[in-house]
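Single-structure report; data block below.
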2 protein chains.
Amino acid sequence: MASEDRRRRATVNDVAVEAGVSRGTVSRVLNGKRYVSSESRAAIDAAIAKVGFVPNGAARSLVMQRSQAVGLIVHEPSSLFIEDPNIGSILLGANEALSEADYQMACLIADSSRDISRLSNYLSGGLIDGVIIVSAREGDAITRAVSRLDLPTAFVGHPRDIGNAAYVAIDNQTAAQAITSRLASTGRRRIGMIAAALDRDSGADRLAGFRAALGNDFDPALVESVPLYSYRDGQEGMRALLQRAPDIDGVFASSDALAAGALEVLHLAGRRVPEDIGIVGFDDSSWAMRCDPPLSTVQQPATSLGRAAAEAVLRQIRGEAPMQNAQMLECPIVWRNSA
Amino acid sequence: MASEDRRRRATVNDVAVEAGVSRGTVSRVLNGKRYVSSESRAAIDAAIAKVGFVPNGAARSLVMQRSQAVGLIVHEPSSLFIEDPNIGSILLGANEALSEADYQMACLIADSSRDISRLSNYLSGGLIDGVIIVSAREGDAITRAVSRLDLPTAFVGHPRDIGNAAYVAIDNQTAAQAITSRLASTGRRRIGMIAAALDRDSGADRLAGFRAALGNDFDPALVESVPLYSYRDGQEGMRALLQRAPDIDGVFASSDALAAGALEVLHLAGRRVPEDIGIVGFDDSSWAMRCDPPLSTVQQPATSLGRAAAEAVLRQIRGEAPMQNAQMLECPIVWRNSA
DNA sequence: GTGAAAGCGCTAACAG
DNA sequence: CTGTTAGCGCTTTCAC
């Protein structure tokens, strides 16, 4: 074990000495600047390899006032973070875009109030150049903290209170309206909804779309509100609906997981799908194909959402004019056999 | 919009001037040191609030040689990262422990070779005090990069080539052996296995346990190897097994997702579970209860794994003697109705 | 082309 | 108890 080496990492200075040049010159080659003789460059490259130099990010961030890193904050009730199929895709999409631009993505979890205060310090500490916020809710402590921060920011989704911050989202209302209409067009007369997460823009908008599609046929008694986009809440919601309106013949579930739970309850209740009752979901997550019958649903472009949010942040970091503050992505209906 | 303020953040100096003291004193109250008069303290607190001071993390990291942040690297094929139910729990567990110790957790994704080289720079840049590595494979580029780094490290799981680095894991082999034996004790004669991820310690060990449990009854023809712990691979694996050995009456699937896929194929093939064939899984993830019948499986303590790994890194950061390099967590069998 | 010098914002050691 | 003085490791003018 090289005991001395462990204590202190090599610095630019060590490299400069080893190569017989000055720190300035080393810095120049490190940053790919012109005006360095090829001899110096070669000597420096060799020295870097020899002493095992790796630039110190803290020092660099300090002087350059940027860190080449952007944070992605996930603020979910623990249980959902684990199961939500969209989160993973959003992460991957954002990471792809950031990676291409040579930025490091750091995903930060906001799971407690303690997390939130530590986070807002971290974010304003100069270790992060921008931030993407996933699944924020209105009146969210994180949203408030970030908006005070004056940091390049983009939201995935659109809580109402983010001022004119950039966001990329899907038009939940239009999509919900479209799929509900499509469900209605299969001849259903008594269409209900399992509506989740009404405290979020996505949840509230999907309900609004459902309502708009039904117009005068809308019956509040046929809407069951549940807290989460989860399988379990889908079961609960469907049970409640079945009890309250045994003659129900169509259901729009706010998410595929919800629909899968509902489907299970329907099977147990002996209702045939789609013969007796049609059901549609939202997300086109891995749940959709796994259901029996496969779910008709709205395809949510999760990867693209992540990518677009990352690009929005990158543009702000570079000081470019925002292409547009709001960006809406298409989400086509995928029609399968559940309705 | 306060246009000037946006340009430059307040520094310790601004606070010092505002409060009529020196930077040193400001620094003292910032770090909660003793020997500050209550008048100075009050004046400084007021000044901090007035100028809106937030400490600069880069500067602080640079001088203190630590950042109060630890990275958690997830290295998964994209698809799995999205679905693996354990990852989320591990993250949450690690975040909890780190948060309590006032460390910021940053989750870093390794999804491409570009990611990996950027990551290893990031990790050695002084912006991170330690690292937790989830789901590494043997011969993994990330593992190699990190082991060169001389950074406090803990693995979740146990690739063979991590030297004497700390790790926390479950004893996959013993657990697999136990549940296979239990399955055998229900009177099954022809027991097969859907074995996934044999390039990982977890996958290989589960197979070894299966084999050990069966002893002389072990029949290689009854093992189907698939790449991932996924629902889809479970379907494929079961189909292959059914074709090769129609008389099969028991299956150990390497994960609950696999088992769920297998169950689906079994239903389609008209086999009754558990009457005609018994099936057991691994993880006790949300899949298990969702299956019909609910899965008998091995309960994996994912949250505790995350927590323990975090604590191991924290101990190294603090320079404390490691309690033990290897830490094995219990994972009890949960017996339900699928066998 | 390259060296010297001046900080980035902060903490720590040392006088007072 | 508090001010002063050095840097942490790096980039960046500005002369030469």
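Chain letters run A, B, ... following the sequence lines, proteins first, then strands; residues in each count from 1.
- Rounded to an integer number of Å, the gap from A:F53 CZ to D:dG9 P is 10 Å.
- The side-chain heavy atoms of B:L98 and B:I132, taken from C-beta on, include a pair separated by under 4.5 Å.
- In this structure, OH of B:Y35 is placed 15 Å from P of C:dA13, rounded to the nearest angstrom.
- Side-chain contact between A:Y122 and A:I128 is present, with at least one heavy-atom pair separated by less than 4.5 Å.
- When distances are taken from the side chain of B:V36 to each of D:dG7, D:dT2, D:dT11, the shortest belongs to D:dT2.
- Spacing between atom CG of A:N56 and atom P of C:dC8 amounts to 18 Å, rounded to whole angstrom units.
- Counting any heavy atom pair closer than 4.0 Å across all strands shown, A:V26 reaches no nucleic acid atom.
- With rounding to whole Å, A:R23 atom CZ is found 10 Å from C:dG3 atom C1'.
- A straight line from CZ of A:R34 to P of C:dG1 spans 11 Å, rounded to a whole angstrom.
- Side-chain atoms of A:T25 lie closest to C:dT2 of the nucleotides C:dT11, C:dT2, D:dT11.
- Put simply, CG on B:L127 and CG on A:N56 are 7.0 Å apart, with the number rounded to the nearest 0.5 Å.
- Taking 4.0 angstrom as the limit, A:N13 places none of its side-chain polar atoms (N or O) nearer than this to OP1 or OP2 of D:dC10.
- Atom CE in B:M64 sits roughly 14 Å away from atom C1' in C:dA13 (whole-Å rounding).
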**Complete:** Dot-bracket for DNA chain C, 5' to 3', Watson-Crick and G-U pairs with both distances under 3.5 Å, [ ] for crossing pairs, | for partner on another strand, reads |||||||||||.||||

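- Rounded to a whole Å, the CZ atom of B:R9 is 11 Å from the P atom of C:dC10.
- Distance check: B:S61 OG to B:D129 CG gives 7.5 Å after rounding to the nearest 0.5 Å.
- Put simply, A:K33 has no side-chain N or O that comes within less than 4.0 Å of OP1 or OP2 on D:dT11.
- Proximity note for A:P55 (side chain, C-beta onward) versus D:dT12, D:dC10, C:dT11: the nearest is D:dC10.
- Nearer the 5' end of DNA chain D, as judged by each residue's closest nucleotide, is the contact made by B:S38, out of B:S38 and B:L62.
- Picking from D:dT2, D:dG9, C:dT11 the nucleotide with the shortest atom distance to the side chain of B:V63 gives C:dT11.
- Remark: the separation of the P atoms in C:dA6 and D:dT5 is 16 Å, to the nearest Å.
- For the C1' atom pair drawn from D:dG3 and C:dC8, the interatomic distance equals 22 Å after rounding to whole Å.
- Using a 4.5 Å cut-off on side-chain heavy atoms (C-beta onward), A:H158 and A:I162 make contact.
- Each of C:dT2, D:dT11, C:dT11 was ranked by its minimum atom distance to the side chain of A:S40; first place goes to C:dT2.
- Looking at heavy atoms from C-beta onward, A:D140 lies out of side-chain contact with A:I133 at the 4.5 angstrom threshold.
- At C:dG9, none of the side-chain N or O atoms of B:T11 fall inside 4.0 Å of OP1 or OP2 (strictly under the cut-off).
- The base of D:dG3 sits with one of its N or O atoms less than 3.5 Å from a complementary donor or acceptor on the side chain of B:R28.
- The side-chain heavy atoms of B:I317 and B:Y103, taken from C-beta on, include a pair separated by under 4.5 Å.
- Put simply, A:S27 has a side-chain N or O that comes within less than 4.0 Å of OP1 or OP2 on D:dT11.
- The interatomic distance linking A:R60 (CZ) with D:dT11 (P) rounds to 5 Å, in whole Å.
- We find that A:E311 and A:R307 are joined by a salt bridge, their nearest charged nitrogen and carboxylate oxygen being less than 4.0 Å apart.
- Of the candidates C:dT2, C:dC10, C:dC8, the closest approach to any side-chain atom of A:Q65 belongs to C:dC8.
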